[in-house]
Amino acid sequence: MRTFFPRRVRDYKARFKMPGSQPLRVACIGAGYVGGPTMAVIAAKTPPEAVQVRVLDLSAERIAAWNSERLPIYEPGLSELVFAARGRNLHFSTAIDDGIKWADIIFVAVNTPTKECGIGAGAAADLTYVELAARQIAAAADTPKIVVEKSTVPIRTAEALSAILEACGRTSFEILSNPEFLAEGTAVRDLCEPDRVLIGGDLKTERGRQALEALVELYAYWVPRERILTTNVWSSELSKLVANAFLAQRVSSINSISALCELSGAQIDEVARAVGLDRRIGPRFLQCSVGFGGSCFQKDILNLVYLCESFGLNVVADYWRSVIAINDWQKQRFTARILHSLYNTATNKKIAILGFAFKKDTADTRESAAIDVCGSLLQECAKLSIYDPQVPAEQIWSDLTRRCRRTRDELAAYVTLAATADEAAAGSHAIVILTEWDEFRTLDYSKMYKSMCRPAFLFDGRSVCDLKALSEIGFLCYAIGSPDDSRIQLR
Ligand code: UDX
Ligand code: ADP
């Protein structure tokens, strides 16, 4: 059989215990939310004699953090894994060219934000970082490599990667697509016990099949074979976009019904439960909210929309675009409700914002609904006191200055960052809950109520509070998907 890759790549799992055999060398370009946890789990789940992992990043600061006691991202269970594997078979480095030369398999996990200007602005993915990484691989590599596309990319990116690598490189490359399905906050569990691992490759050539098999073997250390799916590259790339679009669509569907519940007297959680008990539908991703965020949902849907439009499938594009339209509307609707309740003026009123991350158990704020809600309240000249248990202060300032197009000094008259929820609430007219952190379920709301202006409002964008109990304390409450106060008291 013709072989294209070094001996250590072929059948390495069977051979790694043989004297003189070398471990498989895995590198990852990009030490972010995807690259960091994914590589930590690969290292943790494989013996060091069989697999060595290097995580590479341009940012010296990020790499220093990965090598320190305080990791650059907050993810439950991650630090334990990293501390156990670091120095054993997990290494973090800025020596990118070195790492590329060294590696047999190179994962590309760089950021792919939505384009901000030019053709496709606001919709298409900006592939600048992917292309740069490809050019770096092409320039440094001098032995055959398996390049694995891990970042979320529009379909046919593998083709572009392949073209760049083949045109600029001195050696041969095999491109695989291995989309990431981890969700932040549960990344370690998602990676350790994935529903499936999807690997797309060139099934038509011997070289493609060998590359695919090498990656399958790597995952097979801890993932049952029947959960490792192999497809062609484009199916794999498209599946990632579609999976996220379907999940986001469920959230927008339940959010659309939350508006109907508020007006009709139905309770969204009761409706979601009744609907989700149908096994054909299932209970997950039916939690109504102030709007989905995160780095993937909106970006992936926009990619899908862009793709449909470029094939002339405008009706399909409109269908998926409406998922984002509902999400935007949900955020606006929530903010409008706050303003309306505050007698149509928020000017100089202190409002406590509880939660800034796009969901609980992460410090990530990308596309967080909190950015839009806070931005709109700041346009109304409200005074915000923001508390989030994990998001660093710098991140909040950077998100708000960007959203409001104002300097930090200009915003400082209107924004303060609180160290606790109690501090945020003291002297405020309203509490606004924007992230479902567990601690917000057990706050001493009676104590907070006593420190607030009257009437004291509470707007729950995440269904974390017991509205009946809060109403008894004296709060005027509004929760997404629940009928308004007067109806609650009638129940
Ligand atoms: C998502 C996908 O789940 C994951 O498979 C993919 O790899 C990356 O994108 P993530 O964005 O990290 O993961 O979090 P997810 O749990 O999917 O939540 C996304 C957003 O939807 C969050 O803002 C969350 O609060 C919101 N959401 C989720 C709801 O509002 N209601 C729900 O029922 C579920
Ligand atoms: P994701 O959520 O997709 O993981 P992040 O923004 O968290 O995205 O991480 C992407 C990482 O990729 C960043 O740390 C960034 O510095 C890094 N990066 C981007 N381009 C390159 C490159 N060409 N070489 C090395 N690292 C890169």
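Each ligand, and each atom within it, is numbered from 1 in the order the structure gives. FYI, the numbering just counts along the sequence from 1.
- Using a 4.0 Å cut-off between charged nitrogen and carboxylate oxygen, E69 and R86 count as a salt-bridge pair.
- With rounding to the nearest 0.5 Å, the separation of CD1 in I42 from OH in Y221 is 12.0 Å.
- Using a 4.0 Å heavy-atom cutoff, R284 is absent from the residues neighbouring ligand 1.
- Close to ligand 1: R462, with a non-hydrogen atom less than 4.0 angstrom away.
- Here is the list of ligand 2 atoms found below 4.0 Å of a heavy atom in I96: 24 (N), 25 (C).
- Counting only N and O atoms by type, the side chains of D142 and T171 include no donor and acceptor under 3.5 Å apart.
- Any N or O atom pair closer than 3.5 Å counts here, and L58 shares at least one such pair with ligand 2.
- Neither the backbone nor the side chain of T112 comes within contact range of ligand 2; no heavy atom lies under 4.0 Å.
- Classification of the F297-F292 ring pair by plane angle, with boundaries at 30° and 60°, yields perpendicular.
- Nearest to atom 12 (O) of ligand 2 among the protein's heavy atoms is G30 CA, 3.4 Å.
- Considering backbone and side-chain atoms together, F292 places no N or O closer than 3.5 Å to any N or O of ligand 1.
- Ranking the protein heavy atoms by distance from atom 2 (O) of ligand 2 puts R366 NH2, 2.9 Å first.
- The heavy atom nearest to atom 17 (C) of ligand 2, considering only T38, V34, V108, D57, is found in D57.
- W320 and Y306 have their aromatic ring centers separated by at least 6.0 angstrom.
- Close contacts between ligand 1 and A183 involve ligand atoms 3 (O), 12 (O), 13 (O), 14 (O), 16 (O) [criterion: under 4.0 Å to a heavy atom].
- Taking a cut-off of under 4.0 Å to the non-hydrogen atoms of F181, the atoms of ligand 1 that pass are 4 (C), 5 (O), 7 (O).
- Listed by number with element, the atoms of ligand 2 under 4.0 Å from a non-hydrogen atom of Q136 are 22 (C), 23 (N), 24 (N).
- Within the listing of ligand 1, atoms 7 (O) sit less than 4.0 angstrom from a heavy atom of E180.
- With hydrogens and angles left out, the side-chain atoms of D364 and Y74 include no donor and acceptor closer than 3.5 Å.
- For ligand 2, one of its N or O atoms has an N or O atom of R62 under 3.5 Å away.
- The main-chain N or O of L307 is found under 3.5 Å from a side-chain atom of S310 such that the two form a donor-acceptor pair.
- Of the listed residues (R366, K359, E184), the one carrying the non-hydrogen atom nearest atom 14 (O) of ligand 1 is K359.
- Of the heavy atoms in K240, only side-chain atoms (C-beta onward) come closer than 4.0 Å to ligand 1.
- For ligand 1 and L286, the ligand atoms under 4.0 Å from any heavy atom of the residue are 33 (O).
- Between Y129 and ligand 2, no N or O atom pair is found at a separation short of 3.5 Å.
- Annotation for ligand 1: atoms under 4.0 Å from non-hydrogen atoms of L247 are 3 (O).
- Close approach of ligand 2 to G32 is summarised as follows: ligand atoms under 4.0 Å from at least one heavy atom of the residue are 4 (O), 5 (P), 7 (O), 9 (O).
- Geometrically, ligand 1 and G294 share no nitrogen or oxygen pair separated by less than 3.5 Å.
- Of the polar atoms of V251, none of the N or O atoms is found under 3.5 Å from an N or O of ligand 1, judged by distance alone.
- Summarising the contacts of atom 18 (N) of ligand 2 with I63, V110, L182, the nearest heavy atom is found in V110.
- If you look at D190 next to ligand 1, there are no close heavy atoms at all, none under 4.0 Å.
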| task | Could you check L229 against I199 for side-chain contact (heavy atoms from CB on, under 4.5 Å), going step by step and ending with a plain yes or no? | result | CA-CA 6 Å; L229 310 184; I199 306 176; over 6 Å; no
| request: May I have the step-by-step check of side-chain contact (heavy atoms from CB on, under 4.5 Å) for K145 and D104, ending in yes or no? | output: CA-CA 5 Å; K145 309 284 177 200; D104 303 308; 5.9 Å; no
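- Shortest contact from atom 7 (O) of ligand 2 to any protein heavy atom: Y33 N, 3.1 Å.
- With ligand atoms numbered from 1 in the order given, ligand 1 contributes 29 (C), 30 (O) to contacts under 4.0 Å with heavy atoms of S289.
- Between E436 and ligand 1, no N or O atom pair is found at a separation short of 3.5 Å.
- Among all non-hydrogen protein atoms, the one lying nearest atom 33 (O) of ligand 1 is Q287 N, 2.9 Å.
- With a 4.0 Å cut-off on non-hydrogen atoms, C296 touches ligand 1 through its side chain and not its backbone.
- The heavy atom nearest to atom 19 (C) of ligand 2, out of those in V55, N111, I137, is found in N111.
- Other residues, nucleotides and ligands place more than 12 heavy atoms under 6.0 Å from the CZ atom of R441.
- Between G35 and ligand 2, a contact under 3.5 Å exists for no N or O pair.
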